[in-house]
Amino acid sequence: MAEIVVNLVGPAIIELGKRIVAPIKRQFNYLCCFTSNIQSLRDEAEELNHARARLQMRVDTAKNNVEVIFPDVERWLTRANEKQIIISRIEDEIANVKRDFLSMKSRFLLSRKAKKTTEAIKKLRGECNFNPISEPAGPEPPPATGYIPVGETCEIETRKKIEENIMETLRGGEVNMLGICGMGGVGKTTMANRVMKRAREEDLFDEIFMVAVSQSVDMFKIQQEISELLSLDLKEKSVQARAHKLRAKLMGTKRTLVVLDDVWKILKLEELGIPCESGVKGCTILLTSRNRDVFNAMNDQKVFELEILHEREARFLFKEKVGTSMDDQGLVYIAEEVAKECKGLPIALVTVGRALKDEKSKRIWKDALQKLKCSNMVGIPDFLDKVYNPLKLSYDFLDDEQKSVFLFCSLFPEDADISLEHLAWYYLGLGGFEGTRNLEATRDRVYALVKQLKKRFLLLDGDDEHHVKMHDVVRDVAIFIASKEEKLVDSHFSSVDGWLKHSYSDCTWISMFPQERIELPIMLNVPRLRLLLIHYSRKSEIQMHDQFFEAIKELDVLSLKYLSFRSFPQTMELLKNLLTLNLESCTDLESISIVGELSSLEILRCHSCDSITELPVEIGRLTRVRLLEFSDCTSLKRVAPGVISSLVRLEELKMISSFKGWEAEKNGKEKRNASLNELQSLSNLTCLEIEIEDYTLAAEDIRLSSKIVKYNIMLMDFYSREAFEKRMYLELPRQISLGDWIRILLRRTEILELRGDGSVKLDLAQVQEIKIFDFRVCSTVKKLVSTTSIDRRFGVFPVLESLRLNNLPNLEEICDGPIQAGSSSFKNLKDLTVSHLPALKYLWNTQNQNVSLSNLTSICIHCCDKLRDLFPLKMAKDGLLQLKFLEIEECSMMEEVFSSNDGEEGHITFPKLEYLFLKQLPSLSTLCKGIESIEFLVLTEMWLFGCPKLTSFVSLTGNSPRLAGHNDDSLHLFCNQKVTFGSLKKLEIRGYENISNLWCHNFSPSFFNKLEELYVYCCGSIKSLFSSSMARNLVNLKKLNIDSCNEMVKVIGDREENVRENWRCALELPSLRNIEINDCHRMESFTMGSLTTPKLQSIIVQDCDKLHNLFRLTMAKNGLLPLKRLHVVYCKSIEEVFFNVNENDGKCHITFPELEGLSLQCLPSLTTFYKGIESIEFPLLREVCISCPKLMGFATSSGNNPSVAGHSDDSFHLFCNQKVTFGSLKELTIDGYEKISNLWCHQIPLAGFFNKLEELYIRDCGRIRSLFTSSIVANLVNLKELGIIHCSEMVKVIGDDEETLSENSPIFPNLQRLFLISLPNLVNFCGWRCALQLPSLMTVCIQDCPRMESFTMGSLTTPNLEDIKIDDIENDIKIDDIENEGIEGLNGAVQLWLRE
């Protein structure tokens, strides 16, 4: 038998032994053969490198011959490159292992990796036997460069939309020339390929082909390519003859789509032979270009612009390229940061994504991110070829001036909003543009060049027209180019060592925008440096050493921001060539006398340098200065006399929010400050921005330069940043006299703000170029302008865009004379605001003032008690077509908005009115008594507040606002079929005390079905808000707010006879999210019917005295699943939250899966949620506030008995029923349980209920003697805040049992704040005599606890205690004070209090 067993089992054991021994031996060899495995790897790596180089040479040769490389060849090269990367990493690991030669595990793992890699390389080398490797290119156009793969374009939403628009245009056949434009690398060629593919699939054309044009246009070559793609034999020699033949072919019977890709400049298509005339059938042309001017000049009929991708789209594209890397949670964040650095540029996203495809090493990702941030892409595969080079082509195509401005923009940080003004200063400092004679010409040239760069998509729009932005990848390219040309250094150094480790001997520009404190070198040794920008992001304590400027004597431009120095280094005087000096927010700088030594200076700008108090006489030496600016230098009080007049070449003087102390000429008397007369010496002045404190200087007789085209004159205190070139802000006292210089400037001003009684002396009829006029606080003016002195050809204020009149108590009319029909008066007015004009009777006299307000978009009328209407109906019908905003408030005599005194009647449409606010208009009865019908096509928001007589927008009979068949107590605003609300989403109705019904029987369902928010306040006679039939139309209602409707009984109630039948009908409010009902003292229920609210998230009910319940049980079970907040307060009659019509229904289970906050306060009759609830779940409930003395349990076992079996009446059972689940309770407040002696019954689930609690407040629980047992304390591990207030019988917070806690145990380990207030019988917090710890306690407040003897009976440690407040002690007790008294901790504080 044994022999049989051996024969059977023996071979199996032997085979098993072999299988076990072989792996063990292999693993042992990894350790023993470490050196040989490494050497084998290096040998194979060298062979692989030779094989890869040989194949790459063959590939390069094939590409030069315009052959297509086979995919398997490309794949082999990619795999070989990947193996080279792996080998490099192993070499790094070898170096680490050699340093740690005792680590057996590291040697074993590395040896095994080397062995496996060697085998993989051998296999890869064996596959390198390609012959041939390529084939001649076919007639099809080359594939797109892969910015966004064709198959994925549809996944990018913005691209999908543009693609669909292009396809729709092609299908229409009406347009024969289209364009796709955008910056380099944004995906134009990809989009064109996608369009070609879809056009083939849809059979829109018979012939579809693409020809690449590129920068140097070779007409002969382009014709040849087209002919080959069309199978046309072109034997002709001349371009003209070939063009004739091509044209005949393309205009034949076939439909042809010609795609001309990468067009850089204007093409004469007719000379190529491509028919392009409008209306030519058969041939459609699609161009792609990065230059918008190409499309403008070639009369493209439709141009589609590709912008950079949105962040979400960029993240999607990047994830597609990097493969499985973004599935690693440890890499997700850094991968998203890498994607963000590509700034939505598809070519960068794809290139970087492919370079990092399936990369799992976090260090590799971090290295890539750092390179992207530092504009150093050299180490990222293919980045230079596929990203930099295409964008550099755009640069190469610019002229010299465009190139300079482009590189200038790279001086600024990533995402910076680049000021064109700064560009002009810097460029002027470097010599300016050829042929520009002054600063304004330089500025104009910069704006023109920037516009050209934007058309070529090398720059982007900034936040406004005076700023521009540069895409981060484009900026990286610009920095790369500038560094190669030895122009620019963009510093990212973190210390002074960064400066010293680099040599900049040939550098001409240095730009530095550090985010952190970086020390400057003692001396900047860059002898060729011409421009230096050092802009810190916030105030720093960085000092400039005395030798700093010693080696940069050739400097032309210096700009410093947020540097801290009181005066310039002495070497500053060496900068004799400096032309531009810009200082911003150098708030410690006091002395600028040395600047007077910079004799070549042309631009001197100090902005927000708050410590400069004086413009010294030395500045007068700067006779070449063109721009002098000291804006926002709030401490500048003195400008030495004669300084301003010495600057004879000055073109721009700016001193707003700065020096105000201009003086009058004193006839030889000594002056302390500059006088306005000095301005007469500035014959080249084109821009003047000054503030004048002494209003009497307005009467000075001075002659300003006739060249002034920009000015900002502020007489007295104003603050404004309006972006207009000609501005005046004048506060004119009654006794003022005005000089001619003020009146001359007024005639040309674009912005005028007037204050004061002296304003009446101005003839505003002469101010015809004004665009914004703000006039307020003047009691003397009765009319704004007299039309009798105005040239009728121009009219009154022909270019005025905004008119704001405020607090002019005696103003009776705007114009006091006739205005002819057809004049330009007020024709550009867009914004009209009139406020607190009690004497104003009308805006314009309709009898003789013919005003067209066709551009008016906004009207605000406030507190004009004599206004009876705004405009005649005819003006409203014909002239308010652009009106978007209309607000009328507190006009006590206004009866109608549009008067019908002229007999005009009929229909009126407001096609663009979006907001209508009518407030506190006690006499308003209708919009217009003559309106038969009215349309609000896009009205989205309407407020009706305090308009008790406004019961209808239209009136059919005389002055009566009523409609036939309706009672006086109904509101007919929304029920007339002749009043159309096309898009009303938000409605607020307030103050209709005498209206019993807001909606009459003839309501329009179309009115309700778009409504999203409804607010009804102070409508005291309404008994119900909606009928059930109305409510069914509220399909989009999201928010319902009802307040102070004292007669309202139900929100949804029926006047129909068969009410019970309506109850049986299920009612749904499918979009409702928020309900709030306040101060409705007769409210009995929301609705008696069945209601479903599948999206309801918040219910707030307050001060509804007769409310017995909220909703039917069916709603709680099915319709409140998304509810997050339930807040019921001060409803004295409410007995249960939910009710059931059928009392015979069995017990039920309710879950509130999303409820986070529950507040039931001051509800003296509430006994339960619902009397038939058997169990209830609150899985996400975080916050509970309970103040309901009869509420003893959320779930009840029988009838009205709130108690739980086995518990006495004086125990609180809310939280002890096992069938009530609180999954996440963190904040709990219990208030007003005067008859309860125990808050926590014996069956409460300790760990499940208490261990998540973070805040607990107990108020007005008068019979409780102690709050916690030791078992409860042991489970309050997360409690952070505890407050006990007004518990008159409480003796101890923690009872006397010490069973579950050991000596020196931490109690409440996370408790930080403790409040014990109004506890008259409290003896101590804890009666235990053992040593305890409150390790996290920081703040304690003890007030009105007169019997307190000590905090604990034993010792207590509170290592983090900071503040103790005990009443009768004037200030908080600090722990240091207690320790100085030789008393310890909380017990010591209580003793100190007792002693005092």
Side-chain angles (χ1 to χ4, degrees), residues 183 308 311 337-345 348 369-377 387-388 391 395 404-427 429-430 446 450 453-454 458-464 466-483 487-496 498-499 502 504 507-520 524 529-540 542 557-564 580 582-586 605 607-608:
M183 66 186 294
I308 59 175
E311 186 173 328
E337 290 298 305
V338 170
K340 287 179 183 178
E341 283 298 318
C342 294
K343 302 298 181 181
L345 186 63
L369 178 61
Q370 185 62 26
K371 287 177 177 177
L372 285 166
K373 287 185 173 180
C374 295
S375 309
N376 178 17
M377 304 297 106
V387 181
Y388 271 42
L391 290 173
Y395 171 80
S404 292
V405 172
F406 173 74
L407 296 181
F408 252 65
C409 290
S410 68
L411 292 168
F412 299 88
E414 288 187 0
D415 303 317
D417 207 33
I418 303 169
S419 168
L420 301 190
E421 188 73 7
H422 284 61
L423 288 180
W425 301 334
Y426 300 158
Y427 214 93
L430 292 177
V446 166
V450 164
L453 291 171
K454 286 163 67 174
L458 291 172
L459 295 178
L460 306 172
D461 287 334
D463 291 344
D464 56 46
H466 304 295
H467 291 80
V468 71
K469 291 186 177 181
M470 178 177 263
H471 188 280
D472 285 358
V473 176
V474 177
R475 176 179 176 271
D476 292 343
V477 173
I479 291 173
F480 182 78
I481 294 169
S483 62
K487 280 188 176 180
L488 172 65
V489 173
D490 179 57
S491 300
H492 294 272
F493 307 132
S494 58
S495 69
V496 68
W499 293 86
H502 295 78
Y504 308 129
C507 180
T508 55
W509 300 350
I510 292 181
S511 168
M512 181 180 172
F513 288 78
Q515 298 297 313
E516 300 175 0
R517 176 188 175 95
I518 300 174
E519 295 290 345
L520 300 178
L524 190 58
L529 190 65
R530 297 188 61 198
L531 179 145
L532 176 62
L533 309 184
I534 305 177
H535 287 197
Y536 287 84
S537 59
R538 55 185 177 274
K539 184 177 179 180
S540 65
I542 302 302
V557 177
L558 175 63
S559 182
L560 306 175
K561 185 174 182 179
Y562 282 125
L563 266 73
S564 177
T580 296
N582 178 44
L583 306 172
E584 292 188 44
S585 301
C586 297
R605 179 176 184 263
H607 187 273
S608 298

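Values below: every heavy atom of this structure, side chains too, minus hydrogens, waters and symmetry copies.
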Considering only heavy atoms from C-beta outward, does the side chain of [X] approach that of [Y] to under 4.5 Å?
X: Val468; Y: Leu453; value: no
X: Met512; Y: Leu533; value: no
X: Leu420; Y: His466; value: no
X: Phe513; Y: Lys561; value: no

His422: partners by side-chain hydrogen bond (donor to acceptor under 3.5 Å, both in side chains), with sequence neighbours left out
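Once residues adjacent in sequence are excluded, the partners of His422 under the side-chain hydrogen bond (donor to acceptor under 3.5 Å, both in side chains) criterion are Ser419, Glu584.
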
Measure from the side-chain N and O atoms of Arg475 to the backbone N and O of Cys409, and report whether any donor-acceptor pair falls under 3.5 Å.
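The answer is no, because no donor-acceptor pair under 3.5 Å joins these two groups.
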
Using every non-hydrogen atom in the two residues, find where [X] and [Y] come nearest and quote the distance to one decimal.
X: Leu529; Y: Leu532; value: CD2-CB, 4.0 Å
X: Tyr426; Y: His535; value: OH-CE1, 4.0 Å
X: Leu459; Y: Met470; value: CD2-CE, 3.8 Å
X: Ala478; Y: Leu407; value: O-CD2, 3.6 Å

What distance separates [X] [atom1] from [Y] [atom2], expressed to the nearest 0.5 Å?
X: Lys454; Y: Lys469; atom1: NZ; atom2: NZ; result: 12.0 Å
X: Tyr536; Y: Cys586; atom1: OH; atom2: SG; result: 11.0 Å
X: Leu560; Y: Leu520; atom1: CG; atom2: CG; result: 8.5 Å
X: Leu430; Y: Thr580; atom1: CG; atom2: OG1; result: 7.5 Å
X: Asp461; Y: Asp417; atom1: CG; atom2: CG; result: 10.5 Å
X: Leu411; Y: Leu423; atom1: CG; atom2: CG; result: 8.0 Å

Over 60° means perpendicular and under 30° means parallel, so tell me whether Phe408 and Trp509 are parallel, tilted or perpendicular.
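Because their plane-to-plane angle is over 60°, the rings of Phe408 and Trp509 count as perpendicular.
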
